Amino acid sequence: DVKVTQSSRYLVKRTGEKVFLECVQDMDHENMFWYRQDPGLGLRLIYFSYDVKMKEKGDIPEGYSVSREKKERFSLILESASTNQTSMYLCASSPIAGERVDEQFFGPGTRLTVL
Amino acid sequence: RKEVEQDPGPFNVPEGATVAFNCTYSNSASQSFFWYRQDCRKEPKLLMSVYSSGNEDGRFTAQLNRASQYISLLIRDSKLSDSATYLCVVNKKYGNKLVFGAGTILRVKS
């Protein structure tokens, strides 16, 4: 079974803090993604990576950065947390599948609250 | 206009009922279509892919209408365990990125 793990299930931080969210996958997938999920808005892509040290902005990258130093690990960084970044953060991974888009496997999510 | 639009529901149905969800997408170049299921406080998981003209998996049938840019999910003989949020998912024009609808809530009651 594919396993995607995230470092924390629940996190509470204060405005202005630097926040690190870690994601690890054990299936040797090339692609990794960070989403946030908010009620009524669904999942929105923040950043994704298709290879080590490679990254691309998603639809809502402002206020976030990412790091992928190893294939299995993809980190999301909030440089200076703000209250509007309170959300559920979901990490996902998928293999490269040529022209066909393949299934994404999700981690359990991190519910981040910024006070 | 949202890239993927779904009726948020909730759909409240009795056990054994047949229920159908619809989804429309705006990018005519999309090639891959999926239905994901998300249980309360859990991560989304793939329910079924929808390729070409649609497919069936047990009690679940997915249909794709490219001309109308419309996807549907039909659930027959609903079970209590089908209660969840169903996410319509479409790929972006290029690459391995997906666009998720906001989801349709299904509640099956005994």
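Below, chains carry the letters A, B, ... as their sequence lines are ordered, and counting in each starts from 1. Since the model is a prediction, treat every value here as computed from it, not as a measurement.
Taken from CE in B:M48 to CZ in B:R37, the straight-line distance is 13.5 Å, to the nearest 0.5 Å.
The contact between A:Q37 and chain B is made entirely by side chain atoms (from C-beta outward), counting heavy-atom distances below 4.5 Å. If you measure heavy-atom distances from A:D59 to chain B, the contacts under 4.5 Å come from the side chain alone. Only the side chain of B:L87 comes within contact range of chain A, with heavy atoms under 4.5 Å apart. Interface residue A:L43: backbone and side-chain heavy atoms are both found under 4.5 Å from chain B. Only the side chain of A:Y35 comes within contact range of chain B, judged by heavy atoms closer than 4.5 Å. Neither the backbone nor the side chain of B:P8 comes within less than 4.5 Å of any heavy atom in chain A. Residue B:K45 does not touch chain A at all, counting heavy-atom pairs closer than 4.5 Å. When heavy atoms are compared at a cutoff of 4.5 Å, B:Q6 does not approach chain A at all.
Using cut-offs of 30° and 60° on the angle between ring planes, the pair A:F106 and B:Y36 is perpendicular.
Remark: the A:E22 side chain and the A:S75 side chain contain an N/O donor-acceptor pair separated by less than 3.5 Å. Using modelled atom types, one finds no donor on one side chain facing an acceptor on the other under 3.5 Å when comparing B:T104 with B:D7.
In this structure, A:K71 places its NZ atom where more than 12 heavy-atom neighbours from other residues, nucleotides or ligands lie under 6.0 Å away.
Under a 4.0 Å N-O distance rule, the pair A:K53/A:D51 does not qualify as a salt bridge.
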